[in-house]
Amino acid sequence: QVQLVESGGGAVQDGGSLKLSCGISGNIGSNDYMGWFRDGPGPAREGVAAMDRYGATIYADSVKGRFTISSDNIRNILYLQMDALKPEDTAMYYCATSDGYLSRWRRLAQSAYKYWGQGTQVTVSS
């Protein structure tokens, strides 16, 4: 069993920055992926960024060059540095972990992740 707790959300203005953290407890496998997702105005939960335990990353096109995913594997904390924030980034953000290896086309897919946090709200005003 894996538990995840997000923190760091808040309200910022257009162009601002925030850094989200996700504390992960429980058994994390060496092949597991860790990801950030968000619930925006659209119908589906959007995969924002994901990484494996060795540092390989993948990003949604909408955040490339603005968001950076990273992790502290000793302390089991996942981060999402968000820069140049836009109003359309407003959403509830969730961290999640998979249960094993994910092929490249599944690494930003909600259905590929097994464990989820409760979410942290990010609001960007214009």
Side-chain angles (χ1 to χ4, degrees):
Q1 191 72 15
V2 176
Q3 295 82 40
L4 304 99
V5 179
E6 303 93 339
S7 61
V12 296
Q13 290 194 323
D14 192 353
S17 297
L18 281 174
K19 186 172 185 177
L20 306 183
S21 299
C22 174
I24 304 172
S25 59
N27 294 323
I28 308 294
S30 60
N31 291 327
D32 289 351
Y33 277 76
M34 304 172 288
W36 287 97
F37 294 76
R38 64 187 181 186
D39 284 344
R45 181 167 292 181
E46 179 188 13
V48 173
M51 65 181 298
D52 66 15
R53 301 281 284 172
Y54 304 99
T57 60
I58 186 170
Y59 295 92
D61 288 344
S62 58
V63 306
K64 272 181 189 175
R66 300 188 299 120
F67 290 11
T68 304
I69 188 172
S70 63
S71 69
D72 180 336
N73 288 346
I74 301 298
R75 298 169 63 201
N76 273 347
I77 301 175
L78 182 69
Y79 300 102
L80 185 67
Q81 176 68 46
M82 304 185 294
D83 298 317
L85 282 161
K86 305 175 182 180
E88 51 263 44
D89 295 318
T90 294
M92 183 71 79
Y93 283 74
Y94 301 87
C95 59
T97 60
S98 71
D99 186 14
Y101 175 80
L102 297 178
S103 59
R104 182 171 181 82
W105 67 274
R106 296 192 70 210
R107 291 170 192 171
L108 291 179
Q110 175 189 355
S111 61
Y113 288 76
K114 182 173 182 178
Y115 301 104
W116 293 83
Q118 294 300 307
T120 185
Q121 178 68 35
V122 172
T123 302
V124 185
S125 59
S126 58

Listing request: all salt bridge (charged side-chain N to carboxylate O under 4.0 Å, His left out) pairs with a residue in residues 28-38, at least two apart in sequence or in separate chains.
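Found R38-E46, R38-D89.
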Which residue pairs pass the salt bridge (charged side-chain N to carboxylate O under 4.0 Å, His left out) test with at least one member in residues 115-125, sequence neighbours excluded?
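Counting only pairs at least two positions apart or across chains, no salt bridge (charged side-chain N to carboxylate O under 4.0 Å, His left out) contact touches residues 115-125.
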Membership question, hydrophobic clusters at under 4.5 Å side-chain separation (ILVMFWY): are [Y] and [X] in the same one?
| X | Y | value |
| --- | --- | --- |
| Y33 | V2 | no |
| L108 | F67 | no |
| I77 | L18 | no |
| I69 | L102 | no |
| I28 | L78 | yes |

K86: what forms a salt bridge (Lys or Arg N to Asp or Glu O under 4.0 Å) with it, not counting sequence neighbours?
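Here no residue qualifies.
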Holding to salt bridge (Lys or Arg N to Asp or Glu O under 4.0 Å), I want the full list of residues that pass it with D99, two or more places apart in sequence or in another chain.
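D99 satisfies salt bridge (Lys or Arg N to Asp or Glu O under 4.0 Å) with K114 once adjacent residues are dropped.
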Looking only at non-hydrogen atoms, find the nearest pair between [X] and [Y] and report the distance.
| X | Y | value |
| --- | --- | --- |
| G47 | A60 | O-CB, 3.3 Å |
| S71 | M51 | OG-CE, 3.6 Å |
| A112 | S98 | O-CB, 3.7 Å |

Going by the rule ring-ring contact (aromatic ring centres under 6.0 Å, His included), which residues pair with F37 if we only count those two or more places apart in sequence or in a different chain?
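F37 satisfies ring-ring contact (aromatic ring centres under 6.0 Å, His included) with Y113, W116 once adjacent residues are dropped.
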Strictly by disulfide (SG to SG under 2.5 Å), give each pair with a member in [range] just once, sequence neighbours left out.
| range | value |
| --- | --- |
| residues 96-126 | none |
| residues 68-126 | C22-C95 |
| residues 96-126 | none |

Run L20 and V122 through side chain to side chain contact (heavy atoms under 4.5 Å, CB included) and show every step you take.
CA-CA 9 Å; L20 306 183; V122 172; 4.0 Å; yes
In Å, rounded to the nearest 0.5 Å, how long is the span from [atom1] of [X] to [atom2] of [Y]?
| X | Y | atom1 | atom2 | answer |
| --- | --- | --- | --- | --- |
| T123 | Q13 | OG1 | CD | 12.5 Å |
| T57 | K64 | OG1 | NZ | 9.5 Å |
| Q118 | S7 | CD | OG | 13.5 Å |
| L80 | T120 | CG | OG1 | 11.0 Å |

Any heavy-atom pair between the side chains of [Y] and [X] that's under 4.5 Å?
| X | Y | value |
| --- | --- | --- |
| D14 | P87 | yes |
| M82 | Y93 | yes |
| M34 | Y115 | no |
| Y59 | T68 | yes |

The criterion is side-chain hydrogen bond (donor to acceptor under 3.5 Å, both in side chains); which residues satisfy it with [X], sequence neighbours excluded?
| X | result |
| --- | --- |
| D39 | R45, Y94 |
| Q81 | D83 |
| S125 | none |
| S126 | none |

Intermediate values then yes/no, side chain to side chain contact (heavy atoms under 4.5 Å, CB included), T90 and Q121:
CA-CA 8 Å; T90 294; Q121 178 68 35; 4.0 Å; yes
Test log, rule side chain to side chain contact (heavy atoms under 4.5 Å, CB included), inputs R53 and N73
CA-CA 7 Å; R53 301 281 284 172; N73 288 346; 3.5 Å; yes
Should we say atom CD of Q3 is surrounded by more than 12 heavy atoms from elsewhere, each under 6.0 Å from it?
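Atom CD in Q3 is packed in, count exceeds 12.
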